[in-house]
2 protein chains.
Amino acid sequence: MIVYFRLMRMKDDEKKEALFEATVKLVNEIGFVSSSVSRIAKEAKVSPATIYVYFENKEDLIVSTYIDIKLKMSKAILENFDPTLPIRDILRNVWFIMFDYISNNLKYHKFVEQFSSSPYGTLVEKKVVEQYFDPLINVLQRGVEQKIIKKVNFDILSAFMWYPITILANPRLCENFELNEENIETAFTLAWNAIKL
Amino acid sequence: MIVYFRLMRMKDDEKKEALFEATVKLVNEIGFVSSSVSRIAKEAKVSPATIYVYFENKEDLIVSTYIDIKLKMSKAILENFDPTLPIRDILRNVWFIMFDYISNNLKYHKFVEQFSSSPYGTLVEKKVVEQYFDPLINVLQRGVEQKIIKKVNFDILSAFMWYPITILANPRLCENFELNEENIETAFTLAWNAIKL
DNA sequence: GTCTAAAATAAACGATCATTCATTTTTGTC
DNA sequence: GACAAAAATGAATGATCGTTTATTTTAGAC
């Protein structure tokens, strides 16, 4: 039997990316409430119907935007990750890289914050996204095993090693915290004092 | 000139409270997107039009709900505030009181988190709400002056003394952190290690 | 250029949105 | 019980919502 294959027309990656960017921009500016499908389409310069070629529905568009961002973030942060350094140096490096990434991509950070604390957040399995950042979690694990870091609940360690970054990088919450090297170094010192044994 | 006063009919405080509670419940369950005026009205068992007797519009209802919650929270937390204790004891007490309040009023905590990270957050002057908690900020100030607490940017101190509470009290973020006395004590120790000189 | 299948879209769907309006109900003094 | 004024409401407003459908446009193998 001879089967004829005809190449189907390909989806346009740039269009999908434009939809992600439009979603981020609008949700940051006017929130989930006002970010309607038609407005997102207009912002991305496509027809509202086109969105349904790329996504199942509005919810899928928004959740996909979130997951895409988390993937981008984890790649950027783990790009130059060197697990052979001393544990404190690894953590310190991550702090500087995360501040660098967030301050250059504040729109992503804002979107993630808004998404996570909204009911959309419950739609994403926390562990799925968390595993993108597995190497970071493993560092803390090693620190505990080597008796460098306090042996306490992991949620506590995270609350003092990772979450302060998301707080301090939020200019609405910390308008007096300038993201310069000295301030980041100071803040990291507090984080390290918190978790070190 | 004689002026005749007739008592006008009074607004019903219970109805306003019911609208606050309905707003909190629905926004937590289905988000700002789906929490329409008519659904909030139905939840509060009033007519949609009644909402406009008590509030200018939907935005006013939501912002007022937030401010009402923040006021309730600050009163609960500062109720038994004793500024004469040693600074570490004051902070430790506040930690326990805050965890107690949040775990008994998780709905308020959730609403505040979602509100703050949404564009509604920009509608509320941060300083207005912050001043409800002024005594707490003053404690840190005194700690710095008495050379008990590190002399660093106040946003940094807040990021390690207050924000970890909001993280740890969020069961979605910290599902492994049980809110018992031992765990709170441990977490506070890390916070104190971070900020103490 | 022809053909095909999928991308892309304009237009239309019923549903629901926030808000207003005309009317009724309730409150409290006289 | 009568009166006045504000609370309370049911119904209607035009606008916009998310999604679907029927149609047109486009990409790529032949």
Side-chain angles (χ1 to χ4, degrees), chain A residues 1-27 29-66 115 118-120 123, chain B residues 1-27 29-66 115 118-120 123:
Chain A
M1 190 173 89
I2 301 171
V3 180
Y4 294 89
F5 287 98
R6 288 200 144 270
L7 264 197
M8 57 180 186
R9 188 179 165 190
M10 300 299 286
K11 285 185 190 172
D12 188 343
D13 266 359
E14 284 185 25
K15 213 156 271 175
K16 193 166 190 175
E17 193 59 32
L19 283 169
F20 283 150
E21 291 298 323
T23 303
V24 170
K25 180 160 188 268
L26 279 183
V27 169
E29 285 174 2
I30 59 179
F32 288 117
V33 191
S34 313
S35 298
S36 64
V37 171
S38 68
R39 274 155 97 139
I40 293 173
K42 186 177 282 182
E43 176 73 33
K45 288 169 184 159
V46 298
S47 158
T50 301
I51 289 182
Y52 293 85
V53 175
Y54 291 85
F55 303 97
E56 278 182 33
N57 48 36
K58 188 190 175 183
E59 180 181 297
D60 183 36
L61 164 64
I62 290 174
V63 171
S64 300
T65 302
Y66 171 77
F115 180 98
S118 82
Y120 284 118
L123 299 175
Chain B
M1 191 173 85
I2 301 172
V3 181
Y4 294 90
F5 286 98
R6 287 200 141 271
L7 261 200
M8 56 178 187
R9 189 181 164 190
M10 298 300 285
K11 286 185 190 174
D12 187 342
D13 266 359
E14 283 185 26
K15 212 155 272 176
K16 192 165 191 176
E17 194 60 31
L19 283 168
F20 283 151
E21 290 299 323
T23 303
V24 170
K25 180 161 188 267
L26 280 182
V27 168
E29 283 174 4
I30 59 179
F32 288 117
V33 191
S34 311
S35 298
S36 64
V37 171
S38 68
R39 274 154 95 137
I40 293 173
K42 186 178 283 181
E43 177 72 33
K45 289 169 181 159
V46 299
S47 158
T50 302
I51 289 182
Y52 292 85
V53 174
Y54 291 85
F55 304 97
E56 278 181 32
N57 49 36
K58 188 189 174 183
E59 181 181 296
D60 183 35
L61 165 64
I62 291 174
V63 171
S64 300
T65 303
Y66 172 77
F115 180 98
S118 82
Y120 285 117
L123 299 176

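Quick note on labels: first sequence line is chain A, next is B, and so on, each numbered from 1. Being a predicted model, the structure only gives us computed values, none of them experimental.
- Rounded to whole angstrom, the span from the CD1 atom of A:Ile62 across to the C1' atom of D:dC17 amounts to 13 Å.
- Against DNA chain C, the stretch residues 45-56 of chain A makes heavy-atom approaches under 4.0 Å through A:Val46, A:Ser47, A:Ala49, A:Thr50, A:Tyr54.
- Note on residues 49-58 of chain A: no pairs pass salt bridge (charged side-chain N to carboxylate O under 4.0 Å, His left out), not counting sequence neighbours.
- For A:Leu26 and D:dG18, the CG to C1' distance is 16 Å, given to the nearest whole Å.
- Straight-line distance from the CG atom of A:Leu61 to the P atom of D:dC17: 14 Å, rounded to whole Å.
- Between B:Tyr66 and B:Tyr120, a ring centre-to-centre spacing not shorter than 6.0 Å is recorded.
- Counting to the nearest Å, the P atom of C:dT27 and the CG atom of B:Asp13 are 15 Å from each other.
- Atom CD1 in B:Ile30 sits 12.5 Å away from atom OG in A:Ser118 (nearest 0.5 Å).
- Taking atom NZ of B:Lys58 as the reference point, atom P of C:dT19 lies 8 Å away to the nearest angstrom.
- Scanning both residues, B:Phe55 and B:Ser64, for their nearest heavy atoms gives CE2-CB, 3.7 Å.
- Scanning for side-chain hydrogen bond (donor to acceptor under 3.5 Å, both in side chains) contacts around A:Lys42 gives an empty result, with sequence neighbours left out.
- Qualifying side-chain hydrogen bond (donor to acceptor under 3.5 Å, both in side chains) partners for A:Glu17, counting only residues two or more places apart in sequence or in other chains: A:Lys72.
- For C:dC17, the OP1/OP2 oxygens have a side-chain nitrogen or oxygen of B:Ser36 closer than 4.0 Å.
- For the pair A:Asn57 CG and D:dT19 P, the interatomic distance rounds to 5 Å; values are reported in whole Å.
- In this structure A:Thr50 satisfies the side-chain hydrogen bond (donor to acceptor under 3.5 Å, both in side chains) test with no other residue, sequence neighbours excluded.
- For B:Lys15 and D:dA8, the shortest distance from a side-chain N or O to OP1 or OP2 is below 4.0 Å.
- B:Glu59 places its CD atom 9 Å from the P atom of C:dT19, with the value rounded to the nearest Å.
- The nearest pair of heavy atoms linking A:Asn57 to A:Tyr52 is CA-CE2, 3.8 Å.
- Look at CG on B:Asp60: it is 14 Å from P on C:dA18, rounded to the nearest Å.
- In this structure, CG in B:Asp60 is found 11.0 Å from CD1 in B:Ile51, a value given to the nearest 0.5 Å.
- Remark: DNA chain C forms stems of 3 or more consecutive Watson-Crick or G-U wobble pairs, all pair distances under 3.5 Å, at C:1-30 with D:1-30.
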